[in-house]
Amino acid sequence: MRIDIITVLPEMLDGFVNTSILARAQKKGLVEIHVHNLRDYTLDKHRRVDDYPFGGFAGMVMACQPIDACISALKAEREYDEVIFTTPDGEQFDQPMANELSLKRNLIILCGHYKGIDYRIREHLITKEVSIGDYVLTGGELAAAVMSDAIVRLVPGVLSDEQSALSDSFQDNLLAAPVYTRPAEYKGWKVPEVLLSGHEAKIKEWELAQSLERTQRLRPDLLEKK
Ligand code: ADE
């Protein structure tokens, strides 16, 4: 899988892409992440990528030309499954969307900034608009990082124990059961007895009951989705 991220703040993503799970996935040759500086594509002699909005509104708007030039250059090299734009008014990112995107070959993620981008880009070049939550970030870089992390960890082979992605919270609309490690008793705090029993069926039963109980208590809305 390949993800191309287009941004005006590449330095914000460089560290993340080269240190996190994304770095590990790239080293293993499972994923390629490329960060593109939008300013490299502007024809403006001052390297500007934004301009004043028509209509006298406040704020600046990212202009068509650099975005179109960057996306066109990428599309000339390969086909893309989705051209994603990060925006608070997009479709809410969630685990099912991460699952779906993890099956794609090539993705572009365009990070929004300023007051937004010229709407013609959204109409003509963007295939999917995604929000990571009902709050407004300064730019789309954190959203692109969140999405890339959630997507890449689902690519087979990225996590050392593939099972661990399958048993994540949300993977079946249930929160994960609690986990424990040694020692079995710490400061008098005990690990649930059943986990020490070695009885696989009982442990599975306990795990499901815990998942259901925690989901009911903490995120009852998830049970309605089932
Ligand atoms: N850009 C600004 N806020 C955002 C959000 N909540 N999700 C995605 N992109 C954004």
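With rounding to the nearest 0.5 Å, the separation of CD in Glu224 from CG in Asn173 is 11.0 Å. For the atom pair Met12 CE and Ile5 CD1, the distance stands at 11.5 Å (nearest 0.5 Å). To the nearest 0.5 Å, the span separating CE on Met147 from CG on Leu142 amounts to 13.0 Å. Considering OG1 of Thr86 and NZ of Lys128, their distance stands at 13.5 Å, rounded to 0.5 Å. How far CG of Leu174 is from CD of Gln210: 12.0 Å, rounded to the nearest 0.5 Å. Atom CG of Leu208 sits about 8.5 Å away from atom CD of Glu205, to the nearest 0.5 Å.
Arg2 is not listed as a side-chain neighbour of Arg105, based on a closest heavy-atom distance of 4.5 Å or more. Side-chain contact between Leu9 and His113 is present, with heavy atoms from C-beta onward closer than 4.5 Å. Under the 4.5 Å side-chain criterion, counting only non-hydrogen atoms from C-beta, Arg153 is not in contact with Leu22. Counting heavy atoms from C-beta on, the side chains of Leu74 and Val83 never come closer than 4.5 Å. By the 4.5 Å heavy-atom criterion applied to side chains, Met97 and Val130 are counted as neighbours. The shortest side-chain heavy-atom distance between Val49 and Asp44 does not fall under the 4.5 Å cut-off. Considering only heavy atoms from C-beta on, Ser131 stays 4.5 Å or farther from Glu91 through its side chain. Counting only heavy atoms from C-beta outward, the side chains of Arg48 and Met60 approach each other to under 4.5 Å.
Using a 4.0 Å cut-off between charged side-chain N and carboxylate O, Arg47 and Asp40 make a salt bridge. Look at Asp50 and Lys115 and you find no salt bridge, because none of the NZ, NE, NH1 or NH2 atoms lies under 4.0 Å from a carboxylate O. Using a cut-off of 4.0 Å between Lys/Arg side-chain N and Asp/Glu carboxylate O, Glu213 and Arg217 are scored as salt-bridged.
No chain of hydrophobic side-chain contacts below 4.5 Å, direct or via other Ile, Leu, Val, Met, Phe, Trp or Tyr residues, connects Leu103 to Ile151. Put simply, Tyr119 and Met62 are part of two different groups of oily side chains (I, L, V, M, F, W, Y) that touch within less than 4.5 Å, one to the next. Under the 4.5 Å side-chain heavy-atom criterion for ILVMFWY residues, a single connected hydrophobic cluster contains both Leu30 and Val35. Both Val146 and Ile84 belong to a single network of hydrophobic side chains, linked directly or stepwise wherever heavy atoms of I, L, V, M, F, W or Y lie under 4.5 Å apart.
Closest of all the heavy-atom pairs between Ala73 and Tyr41 is CB-CE2, 4.1 Å. Counting all heavy atoms, side chain and backbone alike, Val152 lies closest to Ala25 at CG1-CB, 3.6 Å. When every heavy atom of Pro53 is checked against every heavy atom of Ala58, the shortest pair comes out as CG-O, 4.1 Å. A pairwise comparison of heavy atoms in Val158 and Arg24 identifies O-NH1, 3.8 Å as the closest pair. Smallest separation of non-hydrogen atoms from Phe85 and Cys111: CE1-C, 4.4 Å. Residues Ser148 and Ile109 approach most closely at OG-CD1, 3.9 Å, considering heavy atoms.
A donor-acceptor pair under 3.5 Å is formed between the side chain of Gln65 and the backbone N or O of Leu43. Under the 3.5 Å distance criterion, the side-chain polar atoms of Ser72 are left unmatched by any main-chain donor or acceptor of Ala69. Judged by distance alone, with hydrogens and angles left aside, the side-chain atoms of Asn18 form a donor-acceptor pair with the main-chain N or O of Asp14 at under 3.5 Å. With hydrogens and angles disregarded, a donor-acceptor distance shorter than 3.5 Å links the side chain of Ser211 to the backbone of Leu175. Counting only distance, with no hydrogens or angles, the side chain of Tyr135 and the backbone of Ile132 share a donor-acceptor pair below 3.5 Å. Side chain of Arg214 to backbone of Ala176: a donor-acceptor contact under 3.5 angstrom is found. One N or O on the side chain of Gln26 and one on the backbone of Ile33 form a donor-acceptor pair closer than 3.5 Å. Using a distance-only test at 3.5 Å, with no hydrogens or angles considered, a donor-acceptor pair links the side chain of Lys28 to the main chain of Gly157. A donor-acceptor contact shorter than 3.5 Å is absent between the side chain of Lys202 and the backbone of Val194. Side-chain atoms of Asp118 never come within 3.5 Å of backbone atoms of Ile121 as a donor-acceptor pair (strictly under, hydrogens ignored).
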Q.
With side-chain contact (heavy atoms from CB on, under 4.5 Å) as the criterion, how do Ile108 and Ile71 come out once you've worked through the C-alpha distance, each side chain's angles and the decisive distance to 0.1 Å?
A. CA-CA 8 Å; Ile108 291 176; Ile71 292 176; 4.3 Å; yes
Q | Working for side-chain contact (heavy atoms from CB on, under 4.5 Å), residues Ile117 and Arg122 | A | CA-CA 8 Å; Ile117 59 172; Arg122 295 172 70 164; 3.7 Å; yes
Q: Walk me through it: do Leu101 and Leu107 pass the test side-chain contact (heavy atoms from CB on, under 4.5 Å)?
A: CA-CA 8 Å; Leu101 292 174; Leu107 300 174; 4.2 Å; yes
Q) Can you check side-chain contact (heavy atoms from CB on, under 4.5 Å) on Ile3 and Met1, steps first, answer last? A) CA-CA 7 Å; Ile3 304 179; Met1 139 171 274; 4.3 Å; yes
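Remark: Tyr52 OH is loosely packed, at most 12 non-hydrogen atoms of other residues, nucleotides or ligands lying under 6.0 Å away. By the neighbour-count criterion of 12 heavy atoms within 6.0 Å, atom CD of Glu123 is densely surrounded, having more than that number from other residues, nucleotides or ligands. At most 12 non-hydrogen atoms from other residues, nucleotides or ligands lie less than 6.0 angstrom from NZ of Lys204. Within 6.0 Å of CD in Glu11 there are more than 12 heavy atoms belonging to other residues, nucleotides or ligands. Counting non-hydrogen atoms of other residues, nucleotides and ligands closer than 6.0 Å to CD of Gln92 gives a total above 12. Within 6.0 Å of CZ on Arg78 lie more than 12 heavy atoms contributed by other residues, nucleotides or ligands.
With respect to Cys70, the side chain to side chain contact (heavy atoms under 4.5 Å, CB included) criterion is satisfied by exactly one of Leu38, Thr42, Leu110: Leu38. The side chain to side chain donor-acceptor pair (under 3.5 Å) with Tyr80 is formed by just one residue from the set Asp4, Asn106, Thr127; it is Asp4.
In this model, a donor atom of one side chain and an acceptor atom of the other lie less than 3.5 Å apart for Thr87 and Asp89. For the residue pair Thr7 and Glu141, a side-chain donor N or O sits within less than 3.5 Å of a side-chain acceptor on the partner.
Under the ring pair (Phe, Tyr, Trp, His ring centres under 6.0 Å) criterion, the residue pairs touching residues 187-211 are Tyr186-Trp189, with sequence neighbours excluded.
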